[in-house]
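One structure is given below, encoded as structure tokens.
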Amino acid sequence: MAEDNAKSFLASFKAWNRELELKTKEGSGARKYAFDKSSKLDVFSMDTPPPYTSGKTWHLGAVAHYSQIDMIARSQRMLGKEVLFPVGMDRNGIPVERYAEKTYGVSMASAGREKFLFMCKTALDDLETSMIKILHDIGYSADFENIYRTDSDEYRAFTQATFIEHWKSKRIYKGKRPSNYCIDCGTTIADAEIEYVDLPSKLVYIKFSLKGGDKSLSIATTRPELLGACRAVMVNPTDERYKDLIGKSVTVPLYGYDIRVIEDESAKPEFGSGVVMICSYGDYNDVLLFKKFGLDEKILIDTSGKMNENAGESLSGLTVKEARKKIVEILKEKGLVEKEVNINHRTPLCDRSKTPIEIIPMDEYFLRTSDKKEVLLEMAKKIDFIPEQHRQILINWINVASDWPISRRRFYGTEIPIWYCKKCGEPYIPPPGKYYKPWKESPPGSAECASCKGKEFIGDERTLDTWMDSSVSALYVTGYGRDEDLSKKTYPVSVRPQGVDIIRTWMYYSMVRCSELTGMSPWKSVWVGGMGLDEHGEKMSKSKGNFVDPVPLINKYGADAFRFWSASEASVGSNFLYSESKVAGSQKFLTKLLNLSRLISSFGEQGYSDIKYDDLMPSDKWIIGELSLLVKDAVSGYSSFNFLVPSNRIRNFVWSVFAPHYVEMVKARAYGNGFSKSQRNAALYTLNYVLNVVLLLTAPICPFITDALWLESHGKEDSVHSHRFPEQMKYEEKYMLGDKIIEFNSMVWGKKKEGGLSLRDNISIDIPDDLKDFSDDLKAMHNIK
RNA sequence: GGGUCCAUGGUCCAGUGGUUACGACGUCCGCUUGACGUGCGGAAGAUCAGGGGUUCGAAUCCCUUUGGGCCCACCA
């Protein structure tokens, strides 16, 4: 072998792997990606999702998602933009608290607030370290020098300052409303935090007696324990069976008081018996009907999830579940149950704890959103949605969303910056800018009650919904209120990348908050990624046993293989299925690239630097034409945040066109057999040129291998990641005969096989007329006589 | 009930009006071929969900049926 590249550290490896990645600059984390405010380039800013530190193993789909977000940043840099690519950690809220409770074996209530906060923080620091490590592992090229944390004093002061702005513009109000209450979490939650699951339930038919007669009426309910909260009975006005009952009274069994029969369209004659009991509160319809008919509420369930004295002696003190069982027993004993039917009932669950929510009147703060529907809809229509189809999810939600309850009865969150006058109860709101903790601090300076001049205050003990923090990330990362210059350059943000699962929450709340504060949409476009599923299209979960931890996978195949898989598998916005064999297949492609690079560098670099296009042979011009088309497709894919097209086009070009056809055609020339020096140089030039362009095009998807191979041929100071994508080069249509060339090569290979010849054996075959330009290379390739 | 998306070889996924439908994984046969057996060459395998329509021409546009996914809604 004339040239031996044994010096290269790459040469000793059989396959591209994790070990090699860690030896690159990208892998060692040596390269920094800070935003340069003074840059003259066009700005591309991103409002990246701060991952939530919940203590759960990071989902493979999420890691793939972040890999793709990184591809957006990297490709935009290579498109010549100055990229603001922030990285944050979302560290507030219930899941963290639950994790701390589990880890330290305490409960939030018993630990004491101060101590509990400390435990949460300790837990969070550990969790954050491991998540940051994963981001580094996958080559995430964000600005790690400036990680933001939603629980930092600075961020919380920011959240509070924006709360105060909303307060001043009268967008926040306090009100007692029947609210979604999660017994397990001990707090009110928003509609967006509810998920509905069909759960098996019993529909109990209870007999109510008609007043003034011995007739009875059967009423079906899934909530018999709320019998004592029943304030009316409802039928549909068109239901002939019950028409004459409307306006009459019935007696509530066991409790013995009388209520009226009312009519409403929402009663469905075909469900149950067609008669519905209206209780405070079994579901949303109850809430609406209590309001509509002005009924007096009677609350049977307290915030600990137990029945109170209103429920009566025999139920009081029992949990909801126990009470349900008990009351059915009692009713049965008295012969008041007509029948029980098993049904699947769509049950509202808290999406954090998965326990059924109860509707309990609670005094909470609300951010008014219901009067902004038109504005938000208008905005939703203008934002560039990628992919378009997910816009509808947002629009649907804007149409149904009601005011946002923002106060939470939890500890680890941003405190509500409000005190109340001890004397008259008037709220006191501090000036924005500082981080306030009303539960343990006095209001700042010489605070005075605006109404009674009182000087003593009691702090509100509640915290804000976590989404109040994360919904202003777009403002925080762009320096809103803190760095006018940066803000001007970067807001509204160029793109908001996020998952389809948090459109109702993060996307919606961000639009509500940011537009309220700035009058603008927070982003020009949103890029909505799909969910990662297992190879059968099922959700991955630990309980199902199909959960795959991405970290060992990355160690086994390398981050580039993982990233390439994620790019080549997921079309924008669609769910994608994980399969290990495909990740392994991606690794094979990288190994192919490594070997190609080895081959090309083994020829050395002598004397082709002055080669011009005109010096090239037809085969060279052909492959440059093919390459030119690849550049066009890849760059246009990157420009629209699509990685499926570039990755598949690149793999196809390298593996099916460049390596088997072009490289084989010019091997003889490259080795210098039977060609002139300048013909050899033309081949060497083209081989290196094509490889370089391929590396540039692959760089956003596979930052490690491209970095390593680029450094091999360009020296230690030149990084592939500091270059731009190449322009599309010109090519001549008359040499664009790829299909013919491939067909001819296959035909020759087939003939040799048929004749039992080795590929090196010579053969006598006519070269077709349209391939005459390529005959020198083709003859050498196939040893044609 | 309303909305929305999807349906392409065994599996997954490109292709959105134009000659024999891209590719990956898998399967089968063969091969030391001066980078790579994690390779190379070859092969089999698709009524592009069913039906109707528009068109010179439909996987692609329209209608409809069926089967799925997702979102929403006051099924007690």
Side-chain angles (χ1 to χ4, degrees), chain A residues 1-2 5 11 14-17 196 201 203-204 219-223 226 233-234 264-268 270-279 282-289 292 343-346 387-397 399-401 500-501 503-504 530-531 533 535-537 557 565 568-571 573-603 644-645 647-649 651-652 655-656 659-660 663-664 667-668 670-671 673 745-746 748-750 752-754 756 758-761:
Chain A
M1 201 184 284
N5 61 350
K14 284 245 177 270
W16 180 258
N17 59 26
Y196 289 87
S201 173
L203 188 60
V204 185
I219 296 179
T221 180
T222 55
R223 302 293 306 266
L226 290 178
V233 157
M234 159 177 83
D264 193 79
E265 305 284 346
S266 63
K268 297 216 168 79
E270 67 279 8
F271 189 92
S273 64
V275 191
V276 191
M277 66 178 203
I278 302 168
C279 310
D283 60 30
Y284 275 117
N285 199 30
D286 286 342
V287 177
L288 297 177
L289 291 167
K292 187 166 169 185
I343 58 163
N344 268 329
H345 181 223
R346 200 158 176 263
E388 176 60 38
Q389 71 205 57
H390 290 325
R391 189 194 305 274
Q392 200 57 38
I393 299 175
L394 175 65
I395 289 176
N396 287 346
W397 187 247
N399 276 319
V400 300
V500 69
D501 54 331
I503 290 179
R504 298 193 310 179
M531 312 305 293
L533 306 171
E535 56 191 319
H536 306 294
Y557 296 102
W565 161 74
S568 60
E569 191 63 23
S571 50
S574 302
N575 294 343
F576 49 96
L577 310 192
Y578 163 74
S579 98
E580 182 169 344
S581 65
K582 290 191 178 182
V583 178
S586 297
Q587 187 195 27
K588 284 187 200 172
F589 170 65
L590 299 178
T591 301
K592 183 83 187 173
L593 202 55
L594 171 65
N595 280 311
L596 252 178
S597 169
R598 271 182 199 160
L599 171 72
I600 292 172
S601 64
S602 77
F603 294 127
L644 186 129
V645 168
S647 55
N648 284 305
R649 277 287 275 124
R651 170 161 53 187
N652 204 253
W655 216 329
S656 306
V663 172
E664 295 302 333
K667 258 186 187 167
Y671 280 110
N673 291 344
N745 289 337
S746 290
V748 178
W749 286 325
K752 286 194 174 178
K753 197 179 161 186
E754 215 174 276
S758 140
L759 292 187
R760 264 189 287 183
D761 290 335

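Convention: sequence-line order gives letters A, B, ...; per-chain numbering from 1.
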**Study point:** Separation of the P atoms in B/rG45 and B/rC28, to the nearest angstrom
**Key:** 16 Å
**Study point:** Base partner of B/rA7, which must satisfy Watson-Crick or wobble distances under 3.5 Å
**Key:** B/rU66
Revision key, fill the gap. Separation of B/rC25 atom C1' from A/Trp655 atom CH2, nearest Å, is 12 Å
Review point. Do the two ring centres, one from A/Phe589 and one from A/Trp16, sit under 6.0 Å apart?
Key: no
Point to revise | Most 5' of A/Gly585 and A/Met277 on RNA chain B, judged by nearest nucleotide | key: A/Gly585
Check your understanding: Starting at the 5' end of RNA chain B and moving along, which residue's nearest nucleotide shows up first, A/Val400 or A/Gly272?
Key -> A/Val400
Review point. Under 4.0 Å between a side-chain N/O of A/Tyr196 and OP1 or OP2 of B/rC70, yes or no?
Key: no
Exercise for review: Please measure how far the P atom in B/rU60 lies from the corresponding atom in B/rU19, and state the result in whole Å.
Suggested key: 14 Å
Practice item. In whole angstrom, give me the gap between the C1' atoms of B/rC29 and B/rC22. Key: 24 Å
Check your understanding: Just checking A/Thr222: base, sugar-phosphate only, or nothing, at a heavy-atom cut-off of under 4.0 Å?
Key -> sugar-phosphate
Point to revise | Spacing of A/Arg346 atom CZ relative to B/rG1 atom C1', expressed in whole Å | key: 12 Å
Check your understanding: Just to confirm, is there a sub-4.0 Å distance from OP1 or OP2 of B/rA35 to any side-chain nitrogen or oxygen of A/Lys667?
Key -> yes
Review point. Given the C1' atoms of B/rG17 and B/rG23, what is the spacing between them in whole Å?
Key: 22 Å
Point to revise | Rounded distance in Å between the P positions of B/rU8 and B/rC48 | key: 11 Å
Exercise for review: Would you please say whether a donor-acceptor pair under 3.5 Å links the side chains of A/Arg649 and A/Asn652?
Suggested key: no
Review point. Which value, in whole Å, describes the distance between the P atoms of nucleotides B/rU47 and B/rG10?
Key: 7 Å
Check your understanding: So, is A/Ser746 close to the B/rG42 phosphate, meaning a side-chain N or O under 4.0 Å from OP1 or OP2?
Key -> yes
Check your understanding: When rounded to the nearest Å, what value does the distance between C1' atoms of B/rA49 and B/rC6 take?
Key -> 11 Å
Point to revise | Donor-acceptor under 3.5 Å (A/Asn399 side chain, A/Asn396 main chain) | key: no
Practice item. Please state whether the phosphate of B/rU33, meaning OP1 or OP2, lies under 4.0 angstrom from any side-chain nitrogen or oxygen of A/Ser758. Key: yes
Review point. Looking only at atom P, what distance separates B/rG51 and B/rA14, rounded to whole Å?
Key: 24 Å
Using a cutoff of under 3.5 Å, can you pull out all pairs of nitrogen or oxygen atoms linking the protein to nucleotides 7-14 of chain B, with atom names and distances?
from   : atom 1 : to       : atom 2 : distance (Å)
B/rC12 : O2'    : A/Glu569 : OE2    : 3.0
B/rC12 : O2'    : A/Lys582 : NZ     : 3.4
B/rA14 : OP1    : A/Ser571 : OG     : 2.3

Exercise for review: Could you tell me whether the phosphate oxygens of B/rC40, OP1 or OP2, come under 4.0 Å of any side-chain nitrogen or oxygen in A/Lys592?
Suggested key: yes
